[in-house]
Amino acid sequence: MRVSRLLLVTLRDDPAEAEIPSHRLLLRAGYIRRVSSGIYAYLPLLWRVLQKVSRIVRDEMDATGALETLLPQLQPADLWQRSGRWAGYTAGEGIMFHLHDRQGRELGLGPTHEEVITALAADLLQSYRQLPVNLYQIQTKFRDEIRPRFGLMRGREFIMKDAYSFHADEDSLRQTYAAMDQAYRRIFARCGLRAVAVEADSGAIGGSASQEFMVTAEAGEDLILTSADGRYAANQERAVSLAPEARPLASVPLAELNTPGLASIEDLCKVHGFDPSQTVKVLLLLARFAEGRPQPLLVCLRGDQQLNEVKLANAVSAAAEPAASGLLEIAPISPEQLQAEGLAPLPFGSLGPQLGDGVLAGARSWHPRFLRLADATASALPLFVCGACRPDTHLVGASWSSLGAQADWTISTVDLRNAQPGDACLHDPEQRLHAARGIEVGHIFQLGRKYSQALEASFTNESGQNEALWMGCYGIGVSRLAQAAVEQHHDGQGICWPVSIAPYEVVVVPANTEDPTQAQLAESLYTTLQEAGVEVLLDDRSERAGVKFKDADLIGIPWRVVVGRGAAAGQIELVERQGSLRQDLAAAELLTVLLPRLEQGRRGLAEQPT
RNA sequence: CGGGAUGUAGCGCAGCUUGGUAGCGCACUUCGUUCGGGACGAAGGGGCCGCAGGUUCGAAUCCUGUCAUCCCGACCA
């Protein structure tokens, strides 16, 4: 391709709307244009990148025996009602774009495809003989993100590869899950990305085991915690660790402490000389559901620990009354909300675990009893400091039994704390957790039978019995991956694409187009490279050399062939975008020198074939 | 949705405090010189000052409303 015909529009200044390097560079180098918040046009250069990523994804998926398909983006509401996800995905902070057709029927724009594929499986899959089967597609997904961000990183419209596998039993599911794990590692390696697999929360998708693939980069939205020995890696949402030991509280009889104006753990400890690990803090929250009444929560944590909201949401979903389903949100209870419910004000700065359900009596819409949860670090404290449930008063030397646990109320112990960098690991307390930031580019799930049961997708097993299908699902954010690659591979001059996903592999730059010798040699090398199967650009623009070099660096073409002063003597210069290689050589030797290196680059970080 | 910020030419910005009818750099067009790391000179073209009301003889500038975009939080590939 000739650069003069490429519609290459590069910007000299950083666009004000972009914050992180990859977003800035994709805009500056002419890869994307914003059409609306979270909605981008993929310009020709980016489309080539996306196609290359897709090709690698296809290649590896096909190699596992998965079948490519293409499912509708416009999906009927009733499918989602049957799976129980319509309300959660459309009401409140739901992310599904939805609309009515001319008949008044409700439709959603597919944010994911479990419902469609499962309905299809129910139709197509009858016998264990057809199993296992794994279907995948690469298409645009629509999600009305609460906050679109960072260009392609979190768009409202984005390209995703999603795969769904169906199995006769859990063991078969585990095998395909493992095969996907391996395929994903190869995909990211072939794309030239350093990615790490971490244990993950399953989120709204549901199911049991799940694993995320993170491209490590400063701008990543996720915090990942890993052990130095590499045996443990998890998203902080999910990570478990050993909390630091609590400082023991001197054994004193239960006593009240006057604490005017001390409404935070920090102030309380500062004034009275306690350590935060000697205190129990109590959070009052309200869980709202798609179905069922709001549930007040009383959550206890050791004073030095932080609440993990994902763990809390999972615990609440598991423990909520049967009538409640589709957890929408959990938020702190405010004095205004209490008033709206017709309830008396509560002493928020000095709450204790012993706060009785009586304070909820007469609530207009809420469940009249607290769901009481305590983190294990709080439950394990023999003696602690906590609020007395009266303004400006705390208790010293409290214990769970002295407060009346088991008698007037019970509290469930669950893991609710955030694991922190520096915490000891469970698998080996000598190992500490280290933090890194990551961009989630892939996520694989063992779904189990959640969707197949809801949508009645069953098959006949070997003994003639009908059984619900076992399912797995496996996603890769293709457009996000492209931007993640830029985030991981750039420098002060621009993008440094890995060869395997670069829009073009080589750019031939005649330093001076006016010089016929240079122009002719450049043309001839351009042809030679094309004939050798190389994806090559010829920068035939009548720009000065500096402009062409700057643009080549900015758009990140991995190899540059400069045809300059040495052209008359048949000498050219070969420059690698990333790294330091820069060598003069005879034009006739170009293929001999370049092709082996290109071939290596095309494999990305994947192992050499043996 | 809560908190913060910004909307002036394709991009980056100034002008707004103190109202007088819009400017700079880059990009674009033409000509000339230049030609290995974003050249120089000359001459041009391009603006509903986000939008709508209001105040005023007069509004980019003051007031009110509204829309859009970005950042921090909840969501996720």
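The structure displayed is predicted, hence computed values, not measured ones. Below, chains carry the letters A, B, ... as their sequence lines are ordered, and counting in each starts from 1.
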For this session: Mind checking V441(A) for me? I need base, sugar-phosphate or nothing, with any heavy atom below 4.0 Å counting as a touch.
Result: sugar-phosphate
For this session: Would you please classify the geometry between the F213(A) ring and the F188(A) ring as parallel, tilted or perpendicular, with 30° and 60° separating the classes?
Result: tilted
Exercise. With a 4.0 Å cut-off on heavy atoms, is R560(A) in touch with a base, just the backbone sugar-phosphate, or nothing at all?
Worked result: base
Seminar exercise, completed: The nucleotide from G12(B), G38(B), C72(B) with an atom nearest the side chain of D551(A) is G38(B)
For this session: Indicate whether any N or O donor in one side chain lies under 3.5 Å from an N or O acceptor in the other, for D162(A) and Y164(A).
Result: yes
For this session: Indicate, with a heavy-atom threshold strictly under 4.0 Å, whether G442(A) touches base, sugar-phosphate, or nothing.
Result: sugar-phosphate
Problem set entry | Quiz item: R541(A) side-chain donor-acceptor pair to G38(B) base, under 3.5 Å | no
Exercise. Just how far is it from atom OG1 of T90(A) to atom CZ of R85(A), taken to the nearest 0.5 Å?
Worked result: 12.0 Å
Problem set entry | Straight-line distance of Q182(A) CD to Y177(A) OH, nearest 0.5 Å | 12.0 Å
Problem set entry | Which nucleotide in U69(B), C35(B), A77(B) has an atom nearest any side-chain atom of E514(A) | C35(B)
Exercise. Distance between the P atoms of A22(B) and U55(B), in whole angstroms?
Worked result: 24 Å
Exercise. So which nucleotide from A77(B), G37(B), A39(B) ends up closest to the side chain of E440(A)?
Worked result: A77(B)
For this session: Report yes if at least one side-chain N or O of T10(A) is closer than 4.0 Å to OP1 or OP2 of G38(B); otherwise report no.
Result: no
For this session: Please measure how far the P atom in G45(B) lies from the corresponding atom in G23(B), and state the result in whole Å.
Result: 13 Å
For this session: Select base, sugar-phosphate, or nothing to describe what A545(A) touches, counting heavy atoms under 4.0 Å on all strands.
Result: sugar-phosphate
Exercise. Any side-chain heavy-atom pair from R28(A) and L554(A) closer than 4.5 angstrom?
Worked result: yes
Exercise. Taking atom C1' in both A9(B) and G50(B), what distance in whole Å separates the two?
Worked result: 14 Å
For this session: Report the residue (E17(A) or E212(A)) whose heavy-atom-nearest nucleotide on RNA chain B is the more 5′ of the two.
Result: E17(A)
For this session: Find the distance L8(A):CG to G10(B):C1' and express it as a whole number of Å.
Result: 15 Å
For this session: Examine the base of C76(B) for any acceptor or donor lying under 3.5 Å from a partner atom in the side chain of R154(A), and report the outcome as yes or no.
Result: yes
For this session: For R565(A), answer base if it contacts any base atom (sugar-phosphate contacts may also be present), sugar-phosphate if it contacts only those atoms, and nothing otherwise; contact means non-hydrogen atoms under 4.0 Å.
Result: base
For this session: Could you give the distance separating C63(B) and G20(B) at their P atoms, to the nearest angstrom?
Result: 15 Å
Seminar exercise, completed: Winner on side-chain proximity to A16(A), out of G12(B), A74(B), U69(B), is G12(B)
Exercise. Just checking D222(A): base, sugar-phosphate only, or nothing, at a heavy-atom cut-off of under 4.0 Å?
Worked result: base
Exercise. Base, sugar-phosphate, or nothing: which does G88(A) touch, judged by heavy atoms less than 4.0 Å apart?
Worked result: nothing
For this session: Take the protein atom CD1 of I439(A) and the nucleotide atom C1' of A77(B), then report the distance between them rounded to whole Å.
Result: 12 Å
For this session: Tell me yes or no: between the side chains of R143(A) and Y89(A), is some donor less than 3.5 Å from an acceptor?
Result: no
Exercise. Considering heavy-atom distances to RNA chain B, does R33(A) or M160(A) have its closest nucleotide positioned more toward the 5' end?
Worked result: R33(A)
Exercise. Do the side-chain N or O atoms of R147(A) get closer than 4.0 angstrom to the phosphate oxygens (OP1, OP2) of C71(B)?
Worked result: yes
Problem set entry | D13(A) side chain, from C-beta outward: closest of G25(B), C35(B), G38(B) | G25(B)
Exercise. Can you find an N or O donor on one side and an acceptor on the other, under 3.5 Å apart, linking the side chain of R544(A) with the base of U34(B)?
Worked result: yes
Exercise. Rounding to the closest angstrom, what is the interatomic distance between A52(B) and G44(B) at atom C1'?
Worked result: 36 Å
For this session: Please measure how far the P atom in G7(B) lies from the corresponding atom in C62(B), and state the result in whole Å.
Result: 12 Å
For this session: Choose from C75(B), U69(B), C26(B) the nucleotide whose nearest atom is closest to any side-chain atom of R12(A).
Result: C26(B)
Exercise. Is the ring of F158(A) stacked on the base of A77(B), with centres less than 5.5 Å apart and planes under 30° off?
Worked result: yes
Problem set entry | Inter-residue atom distance I495(A).CD1 - S22(A).OG, 0.5 Å rounding | 9.0 Å
Problem set entry | C1' atoms of A27(B) and C11(B), separation to the nearest Å | 7 Å
Exercise. For I146(A), which contact category applies under a 4.0 Å heavy-atom criterion: base, sugar-phosphate, or nothing?
Worked result: base
Exercise. What's the closest nucleotide to the F150(A) side chain, out of C71(B), G36(B), A77(B)?
Worked result: C71(B)
For this session: Confirm from the modelled atom types if D14(A) and G12(B) form a donor-acceptor pair under 3.5 Å, side chain to base only.
Result: no
Exercise. What interatomic distance, in whole Å, is found between C1' of C57(B) and the corresponding atom of U21(B)?
Worked result: 13 Å
Exercise. Taking N and O atoms by type only, does the side chain of N512(A) place a donor or acceptor under 3.5 Å from a partner on the base of G36(B)?
Worked result: no
Exercise. Which of these nucleotides, G37(B), U69(B), A77(B), is closest to any side-chain atom of E145(A)?
Worked result: A77(B)
For this session: Tell me yes or no: between the side chains of H443(A) and E440(A), is some donor less than 3.5 Å from an acceptor?
Result: yes
For this session: Go through the N and O atoms of the side chain of R149(A) and the base of C70(B), and report whether any donor-acceptor pair is under 3.5 Å.
Result: no
For this session: Ignoring backbone atoms, establish whether S479(A) has a side-chain N or O less than 4.0 Å from OP1 or OP2 of A77(B).
Result: no
Exercise. V562(A) near the nucleic acid: base, sugar-phosphate alone, or nothing, with a heavy-atom cut-off under 4.0 Å?
Worked result: base
Exercise. Hey, is the side chain of E573(A) pairing donor to acceptor with the base of G36(B) inside 3.5 Å?
Worked result: yes
